[in-house]
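Everything below concerns the one structure shown next.
Since this is a predicted model, take the numbers as computed values, not measurements. Per chain, numbering begins at 1; letters A, B, ... match sequence-line order.
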Amino acid sequence: MSTWAWIKDLKGAINSDVEVRGWLHNRRGNKNLHFLQLRDGTGFVQAVVDKSTIGDAEFERIGAYGYESSMKVFGKAVEDKRSKLGVEIQVSRVELVGESKDYPIQISKDVPNIEKLLDVRHLWMRSPKPRAILKIRSEVIQAIRQFYYERDYVCFDSPIFTPNACEGTSTLFETEYFGNPMYLSQSGQLYGEAGALAFGKVVVFGPTFRAEKSKTRRHLTEFWMIEPEVAWLELDGIMDLAEEKLEYIAQWCLKRCRPELEILERDLSKLESVKRPFPRISYSEVQKVLAQKKDEFAKSSDPELKKLSGDILKNGPGDDLGAADETAISMQYDRPVMIHRYPSEVKAFYMKRDPKDPRFALCVDVIAPEGVGEIIGGAQREDSHDALVERIKEHKLPMEAFQWYLDLRKYGTVPHGGFGLGLERTVQWISGTHHVRETIPFPRTIVRMSP
RNA sequence: UCCGCGGUAGCUCAAUGGUAGAGCAUCCGGCUGUUAACCGGCAGGUUGUAGGUUCGAGUCCUACCCGCGGAGCCA
């Protein structure tokens, strides 16, 4: 009598009769033996079919099954040092469950175009590398939830349909809502602020939609964002929270995602170095550093650095930093970098201005290493009713839409703030994945609507 | 929207303006323990589309379509 076992548990079932249920990942063999590589979601195991024990007819039938056929395999689990798992199955019977013919993805040394694989994303995710990335995503999500749960945050969901632009900057997806225009949320932050004044500490974890026509390896039109919002938290505390959380995520994954990180050949030292404190540099300091780097790289013999030099500081002082600026700064460190106090003019209306120098906002961006770019954008919020009214006017935003938001400053305002962490870019960074598209099961981009 | 690169077999890619090819996959055959197995063979094409130059175009020219990367914007 055999028992159904998960592949990951087979080591504990050596010398007993087992049943494995899975998919045929690959097959090798000769005229007397089939080596079936089976996958069940928990691991891979080799099942050995011997013609002399199973009979000619059965042997031929099993040999004809295509890749990704699903089957129940019955046999004896035996120890085998040649197997990575340490166990293989000596097959006595195979029961086909779902036939699979002409599977569209081949196991190959060639690395096919990612876009072609994304066309069959529903199948591609059965392969080891995509599975490893998505498993890391799952663990990053778990780490984030645990991090906030341990710190007494209330999970606070913001609406997806919103009546207007939260920040008035990004391009939104418009949708028709019973005859009126509504928009898909580009941030839950404003709602999170209401939650923070009710609960003290909340975290919004939800989908986010941006209709920007960005076509880069860092952009999606639909992605997930984690937005803590905390009463009484000022800029320094926001930066403390951000670095504590990123360290927590990196350490969590080092502890729990070793097999996946190995499959991806991730350089673990890049994650081990993610320890507090992270560098904190003001926008004004960054300008000075970048001026130096621009000169330094211009003299470099490395053509890439030379090219980078040309793009550094091309926006001019007082403007937002460009991509080259972020790259140049993050190259200087082995961990995420926090850049704070950008010019308030280039930032969102709700950011509080620095009382010491109102030209700058009490905000922070966190730039991940290895070219992933910005993974966190956050700020202390403007908590004065009158100042906020001024900002809304300056940004030419519809005052009536923000009445409820202004109420938060009218009835017991307190200093508060938070940030948004991009889940997919975080996974991209942790897993060392080139394209952010691979970090979400079914990516949505400007040109990709299916599967 | 702008800039750059590209589109040749199912996949990854070759091919001085002169008969469109290889590896892998499929299929067929071989191999008594394979590890992205190996060996042999068959088959596989309107070279993105439409024009143009030329004795002759995958290659040169023009336009368009599609894709990728980047800028801007952002997580």
Side-chain angles (χ1 to χ4, degrees), chain A residues 25-37 44-52 64 66-67 78 80-85 88 90 101-120 127-129 167 169-172 186-189 206-227 242 307-308 310-311 314-315 319-327 346-348 365-368 371-378 419-429 434-437 439-440 445-448:
Chain A
H25 177 252
N26 197 0
R27 185 185 55 229
R28 290 179 284 273
N30 54 46
K31 69 178 174 188
N32 294 305
L33 294 167
H34 293 312
F35 300 103
L36 308 178
Q37 318 297 323
F44 290 83
V45 71
Q46 173 163 281
V48 184
V49 182
D50 189 332
K51 186 154 78 173
S52 64
Y67 295 144
V78 294
D80 195 303
K81 290 193 182 71
R82 289 168 293 193
S83 150
K84 251 188 196 171
L85 189 67
E88 64 179 29
Q90 284 178 348
K101 274 183 184 170
D102 302 323
Y103 189 64
I105 298 173
Q106 63 177 288
I107 297 162
S108 161
K109 287 174 190 168
D110 300 326
V111 181
N113 191 308
I114 282 166
E115 288 306 307
K116 292 219 164 98
L117 291 170
L118 283 173
D119 287 341
V120 286
S127 303
K129 283 192 180 183
E167 304 178 17
T169 50
S170 294
T171 318
L172 303 187
Q186 58 136 340
S187 166
Q189 180 213 311
T208 302
F209 306 89
R210 304 265 168 102
E212 307 287 350
K213 292 184 176 173
S214 302
K215 297 195 297 180
T216 81
R217 63 189 183 88
R218 302 187 304 278
H219 287 88
L220 295 166
T221 53
E222 175 185 291
F223 61 97
W224 290 72
M225 198 153 63
I226 299 94
E227 299 174 280
K307 185 175 176 293
L308 188 62
D311 291 332
K314 71 177 179 187
N315 286 356
D319 261 342
D320 208 348
L321 298 179
D325 302 328
E326 291 183 353
T327 305
V346 302
K347 286 294 180 179
D365 282 359
V366 181
I367 313 298
V372 172
E374 189 180 339
I375 53 171
I376 282 180
F419 58 80
L421 171 75
L423 174 64
E424 287 75 14
R425 283 191 188 170
T426 303
V427 174
Q428 186 184 3
W429 163 52
H434 186 68
H435 287 76
V436 74
R437 293 167 200 187
T439 64
I440 185 166
T445 70
I446 180 172
V447 292
R448 178 164 295 284

Separation of A:Ile114 atom CD1 from B:G6 atom C1', in whole Å? 16 Å
Minimum heavy-atom distance between A:Gln37 and A:Arg28, given as atom pair plus value: NE2-NH2, 2.8 Å
Taking only the P atom of each, what is the distance from B:A50 to B:U46 in whole angstrom? 12 Å
Using a 4.0 Å heavy-atom cut-off to protein, can you give one letter per nucleotide of nucleotides 26-33 of chain B, 5' to 3': B if the base is in contact, S if only the sugar-phosphate is, - if neither? S----BBB
Using the C1' atoms only, state how far B:G58 lies from B:U47, rounded to an integer number of Å. 5 Å
What does A:Gly322 touch in the nucleic acid at a heavy-atom separation under 4.0 angstrom: a base, only the sugar-phosphate, or nothing? sugar-phosphate
Donor/acceptor link under 3.5 angstrom from A:Arg217 side chain onto base of B:C68: no
d(CG, A:Asp365; C1', B:A75) in whole Å: 10 Å
Measuring only the P atom in each nucleotide, how far is B:C61 from B:G4? A whole number of Å is fine. 15 Å
How does RNA chain B read in dot-bracket, base by base from 5' to 3', with Watson-Crick or G-U pairs under 3.5 Å and | used when the partner is on another strand? (((((((..((((....[..))))..((((.......))))......(((((..]....))))))))))))....
With sugar-phosphate meaning primed atoms plus P, OP1 and OP2, does A:Arg448 contact a base, only sugar-phosphate, or nothing at under 4.0 Å between heavy atoms? nothing
Regarding A:Ala324, tell me which of base, sugar-phosphate or nothing describes its non-hydrogen contacts under 4.0 Å with the strands shown. nothing
Examine distances only and state if a side-chain atom of A:Gln186 and a backbone atom of A:Thr208 form a donor-acceptor pair shorter than 3.5 Å. no
Rounded distance in Å between the P positions of B:G51 and B:U12: 29 Å
Could you tell me whether the side chain of A:Glu212 and the main chain of A:Thr221 form a donor-acceptor pair under 3.5 Å? no
Give one of base, sugar-phosphate or nothing for A:Asp320, where a contact means two heavy atoms less than 4.0 Å apart. sugar-phosphate
Determine the interatomic distance between C1' on B:G56 and the same-named atom on B:U16; round to the nearest Å. 15 Å
Measure CZ/A:Arg437 against P/B:A75 and give the value in whole Å, please. 19 Å
Using the test side chain to side chain donor-acceptor pair (under 3.5 Å), find all partners of A:Arg448 that sit at least two apart in sequence or belong to another chain. A:Glu115, A:Asp119
Scan A:His435 against the nucleic acid and name what it touches under 4.0 Å (heavy atoms): base, sugar-phosphate only, or nothing. sugar-phosphate
Touch class at under 4.0 angstrom, heavy-atom based, for A:His34 against every strand present: nothing
Nearest-nucleotide wise, let me know which of A:Asn315 and A:Met225 is further upstream toward the 5' end of RNA chain B. A:Asn315
Among B:A36, B:A75, B:U12, which is the nearest nucleotide to the side chain of A:Lys116? B:U12
Does A:Glu374 offer a backbone N or O that forms a donor-acceptor pair with the side chain of A:Arg425 under 3.5 Å? yes
Using OP1 and OP2 only, check whether a side-chain N or O of A:Arg28 sits under 4.0 Å from B:C39. no
Between B:C11 and B:A25, how far is it from one C1' atom to the other, in whole Å? 7 Å
Value rounded to 0.5 Å, distance of CD1 in A:Ile226 from CG in A:Leu423: 4.5 Å
Any donor-acceptor pair under 3.5 Å joining the side chain of A:Ser214 to the base of B:C74? no
For side chain to side chain donor-acceptor pair (under 3.5 Å), just list the numbers for A:Gln189 and A:Glu227, CA-CA rounded to whole Å, side-chain angles, deciding distance to a tenth of an Å, and then say yes or no. CA-CA 7 Å; A:Gln189 180 213 311; A:Glu227 299 174 280; over 6 Å; no
With a 3.5 Å distance limit and no angle check, can you tell me whether A:Asp325 reaches the backbone of A:Gly322 through a side-chain donor-acceptor pair? yes
For B:G52 versus B:A9, give the span between their C1' atoms, rounded off to a whole number of Å. 28 Å
Checking B:G67, B:C74, B:C73 against the side chain of A:Val447 (C-beta onward), the nearest is B:G67
Is A:Leu220 touching bases, backbone alone, or none of the nucleic acid, heavy atoms closer than 4.0 Å? base
Grab the CD-P distance between A:Glu212 and B:C74 for me, whole Å please. 8 Å
Side-chain donor or acceptor of A:Asn315 paired with backbone N/O of A:Asp320 under 3.5 Å: yes
To the nearest angstrom, the NZ-C1' distance between A:Lys81 and B:U34 comes to 19 Å
Taking the ring of A:His25 and the ring of A:Tyr67, is the distance between their centroids below 6.0 Å? no
Whole angstrom is fine here: how far is it from CG in A:Leu117 over to C1' in B:G10? 13 Å
Looking at A:Asp319 and A:Lys314, is any side-chain nitrogen of the basic one under 4.0 Å from a carboxylate oxygen of the acidic one? no
Give the rounded distance in Å between these two atoms: NZ of A:Lys215 and C1' of B:C3. 11 Å
Interatomic distance where CD belongs to A:Glu115 and C1' belongs to B:U12 [whole Å]: 16 Å
Just call it for A:Lys213: base, sugar-phosphate, or nothing, with non-hydrogen atoms closer than 4.0 Å on any strand. base
Rounding to the closest angstrom, what is the interatomic distance between B:A57 and B:C65 at atom P? 26 Å
Candidate nucleotides B:G72, B:C74, B:C68, ranked by approach to the side chain of A:His219 - the nearest: B:C74
Side chain of A:Ser127, backbone of A:Lys129: donor and acceptor closer than 3.5 Å? no
